[in-house]
Amino acid sequence: MHHSRVSMLLRVVVFGLAITAAIKILSQPRSHQEAQGVEEEGQPVSGGVKFWRASSGKEGEPQKREVRLMGEQPQEARDPPESPAEALLPQKGPRPPIPPQDPSAPPLRVVHLDLKGAAPKLRYLEQMFPLFSSLGATGVLLEYEDMFPYEGELQVLRSPYAYSAEDIKSINTLAKLSKLQVIPLVQVFGHLEFVLKHEQYSALREVGDFPNSLNPHTPGSQALIRDMVTQVLDRHPGAPWLHIGADEVFGLGESQDSKNWLHTNKGDKGRMYLDHVTAVSLYVTEKWPGIRLLLWDDMLRQISADVLRESGLPNLASPMMWFYSPQLNLKTVDQLISKYQQVGFKDIWFASAFKGASGVDQRVTPLGHHLNNHLAWLKVMTSMPKYPSITFRGIVLTGWQRYEHFTVLCELLPMGIPSLAVCLRTLEHGGFGDKAKTEIQHILGCSIQIEKGLCEGGGAFSGSEVYNMILRIDNDLRKQTEEVMNDNQVRGSFSYYHRKYNFANPRNLAFFTQKLNKLLSEWEAFLQHLRQQMESMYFPDTVEEWMDQNVNRHMDRLREMARDAERIGKLKGRPKSQ
């Protein structure tokens, strides 16, 4: 009895002590580490500081990665967000989980659509995606630039003809129906002309006079990139890949901010570049677990293996090695792949070109040029077993529409379809032979003539009529215009001097005006039909630009000559004006 009372008393005392301890613990404030962990599970905070921070540790030692993004202040000292744009984004709920990468999956064959020029209307993409798939493509890389429907503060970036949010949803659906994996591309460093051209973002330029590249040291740069990435990924739920561009960062290191950084960091531009790209990569991979990042490799080529390894980037992203020439320097390619393997990249991608890489104002796609580029890449692909610790994940067939935001249009997409067919079937078969040619002829309805650089025989693919009409323009318009201008009667009786002073013999004008008016009438009717076909595929700004660039300079000469001949002919051989 006494023993049971003592036992009960002990239990009461222990219980009382436990209650007291629990109350004391619950009444204490949360630790800094716990608070930080909770905050990171919600909406990420845009720190009011720049991406960069000084390299820590001894030279040659890896930088110590902290939980927070590079450049963010510790929790207790963090500034308010730089931009309210994230608060303006629509709340779309949790992002669907990204399926784990299948290590045995075959490499992707991805068609790049460069939408910073001649962006196709949705109805044309409806026809293109099934064609891409039938030719052997398994994905599309969408480089939106100003065609994305940015919201909030970023709305100024939109083209007047930008796709709507519903259009983006439809594009994702169309791609899924054609079994094409969508990879969005958001530039985060170089090639930000479409952003930095706007007055409200001009202060973020690395070089004040040039809109090419971002100054990552400037307050506001971090928020800009975060907002862009967030909005694009929110419109691509479940996308397993994101391409962050990061190529051709022209002017890197030229701003005063960068010079100050370089002064205290041994002048290492490579480390400065990597600090920014790694910070962006950390932000994306922490906010969207499971997503895999890609970036163009041209800037990485210039950076030492040690600096690349120390940056931590190989654990966050995969390089996309790009070469577009008909012949590749296989020794250089081998050295680069070996370097990327050595520094710890697990995956590698390649980038070829099916159009838009053979001339800044190219009008007709040269088939042989792009076929040879892909034959060269096939040699690289067959050599990949000698790089056992880096995996070839895919090749992007780039189809550049402009060299950059401010340059002219390259060949339109219909002009590149025969080349795309040749390149995709070459990758499918490991070469280009009779079987590939037969398959292309069956799909496109025309005969591939590599030597001539043409697809002959009309064509049955969407855009084939535009393809053949542009071929006629390329072959005949300039030539026929020059023939009229160099006619013997024109040179002798209707020169620039005659037209300036309004005199000519009407008898001499009659020798060429009938031919001139007939030619002009035929071309006007032809071009009206071309315009109608183009307007079904493209927005008005594309049609106007292409016509101005490729047609109107010739047609205006003919039109002006016809007007002058009619006006001066009515003067019936009067003296020249003074």
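Residues Asp268 and Ile303 are not in side-chain contact: their nearest non-hydrogen atoms beyond the backbone lie 4.5 Å or more apart. Annotation: side chain of Leu233 is in contact with side chain of Val284 (closest heavy-atom distance under 4.5 Å). No side-chain heavy atom of Val207 sits less than 4.5 Å from a side-chain heavy atom of Arg205. Residues Lys266 and Arg271 have side chains not in contact (no heavy-atom distance under 4.5 Å, counting atoms from C-beta outward). Counting heavy atoms from C-beta on, the side chains of Lys379 and Leu375 never come closer than 4.5 Å. Side-chain contact between Tyr144 and Ile168 is present, with at least one heavy-atom pair separated by less than 4.5 Å. Within the 4.5 Å cutoff, no side-chain heavy atoms of Phe350 are placed close to those of Pro107. Counting heavy atoms from C-beta outward, Thr426 and Trp377 have side chains that stay 4.5 Å or more apart.
Nearest heavy atoms, Ser221 versus Leu204: OG-CD2, 3.9 Å. Among all heavy-atom pairs drawn from Ala246 and Val277, the shortest one is CB-CG2, 4.1 Å. Contact record, Ala436 with His429: CB-CD2, 3.9 Å, taken as the closest heavy-atom pair. Between Ala162 and Phe148, the shortest heavy-atom distance links the atoms CB-O, 4.1 Å. The shortest non-hydrogen separation linking Ser419 to Thr365 is CB-CG2, 3.6 Å. Residues Ala118 and Thr542 come closest through the heavy atom pair CA-OG1, 3.3 Å.
In this structure, Ile183 CD1 and Leu293 CG are separated by 11.5 Å, a value rounded to the nearest 0.5 Å. If you take CE on Met381 and NE2 on His374, they are separated by 7.5 Å, rounding to the nearest 0.5 Å. Summarising the geometry, atom CD belonging to Glu143 is positioned 10.0 Å from atom CG belonging to Leu113; distances are rounded to the nearest 0.5 Å. The CE atom of Met321 lies 4.5 Å from the CD1 atom of Ile337; values are rounded to the nearest 0.5 Å. Annotation: the span from Glu206 atom CD to Asn212 atom CG amounts to 10.5 Å, rounded to 0.5 Å. Summarising the geometry, atom CG belonging to Leu192 is positioned 6.0 Å from atom CG belonging to Leu214; distances are rounded to the nearest 0.5 Å.
At distances below 3.5 Å, at least one donor-acceptor pair connects side-chain atoms of Asn260 with backbone N or O atoms of Gln256. In this structure a side-chain-to-backbone donor-acceptor pair under 3.5 Å is missing from Thr278 to Asp275. Distance alone, capped at 3.5 Å, is enough to place a donor-acceptor pair between the Thr230 side chain and the Arg226 backbone. Checking side-chain atoms of Asp234 against main-chain N and O of Gln231 turns up no donor-acceptor pair under 3.5 Å. Of the possible donor and acceptor atoms, none in the side chain of Lys269 sits under 3.5 Å from a partner among the backbone N and O of Gly253. Within the 3.5 Å criterion, the main-chain N or O of Leu177 finds no donor-acceptor partner in the side chain of Lys179. Proximity of a side-chain donor or acceptor of Asp114 to a complementary backbone N or O of Gln401 within less than 3.5 Å is detected. Of the possible donor and acceptor atoms, one in the side chain of Tyr403 sits under 3.5 Å from a partner among the backbone N and O of Gly359. No side-chain donor-acceptor contact under 3.5 Å links Lys355 to the backbone of Cys410. Between the Ser258 side chain and the Glu254 main chain, no donor and acceptor come within less than 3.5 Å of each other.
Annotation for Phe210: atom CZ does not count as buried by contact number, only 12 or fewer foreign heavy atoms lying within 6.0 Å.
Applying the side-chain hydrogen bond (donor to acceptor under 3.5 Å, both in side chains) criterion to Tyr340, with sequence neighbours excluded, gives Asp297. Shown here are the ring pair (Phe, Tyr, Trp, His ring centres under 6.0 Å) partners of His191, two or more places apart in sequence or in another chain: there are none. Remark: Thr332 engages Asn329 in a side-chain hydrogen bond (donor to acceptor under 3.5 Å, both in side chains) (not counting sequence neighbours).
The aromatic rings of Tyr273 and Phe189 lie parallel to each other, with less than 30° between the two planes, well short of the 60° mark. Ring planes of His405 and Phe194: tilted class, angle from 30 to 60°.
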Carefully, step by step, assess Trp288 and Leu242 under the rule side chain to side chain contact (heavy atoms under 4.5 Å, CB included).
CA-CA 11 Å; Trp288 293 276; Leu242 172 69; over 6 Å; no
Derivation and outcome, side chain to side chain contact (heavy atoms under 4.5 Å, CB included), residues Thr173 and Phe129
CA-CA 11 Å; Thr173 300; Phe129 282 3; over 6 Å; no
Set out, in order, the CA-CA distance, both residues' side-chain angles and the distance that settles salt bridge (charged side-chain N to carboxylate O under 4.0 Å, His left out) for Asp306 and Arg309, then state yes or no.
CA-CA 5 Å; Asp306 287 342; Arg309 189 184 299 107; 3.0 Å; yes
Stepwise side chain to side chain contact (heavy atoms under 4.5 Å, CB included) check, Leu180 with Val111
CA-CA 9 Å; Leu180 297 172; Val111 178; over 6 Å; no
Does the side chain to side chain contact (heavy atoms under 4.5 Å, CB included) test come out yes or no for Val280 and His276, once each step is laid out?
CA-CA 6 Å; Val280 173; His276 174 67; 3.9 Å; yes
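Residues Glu151 and Arg235 are paired through a salt bridge, judged by an N-O separation under 4.0 Å between the basic side chain and the carboxylate. Ionic pairing of Glu545 and Arg402 is present here: one or more N-O contacts between side-chain nitrogen and carboxylate oxygen are shorter than 4.0 angstrom. Between Arg301 and Asp298 there is no salt bridge, since no side-chain nitrogen of the basic residue lies less than 4.0 Å from a carboxylate oxygen of the acidic one.
Checked options Thr391, Ile390, Asp347; the residue passing with Ser318 is Asp347 (criterion: side chain to side chain contact (heavy atoms under 4.5 Å, CB included)). Among Leu125, Thr138, Ile417, Leu397, the one residue that satisfies the side chain to side chain contact (heavy atoms under 4.5 Å, CB included) test with Phe132 is Ile417. Residue Trp349 is tested with Trp241, Trp322, Trp296 for a ring pair (Phe, Tyr, Trp, His ring centres under 6.0 Å); the sole match is Trp241.
Side-chain atoms of Asp167 and Ser164 include a donor-acceptor pair closer than 3.5 Å.
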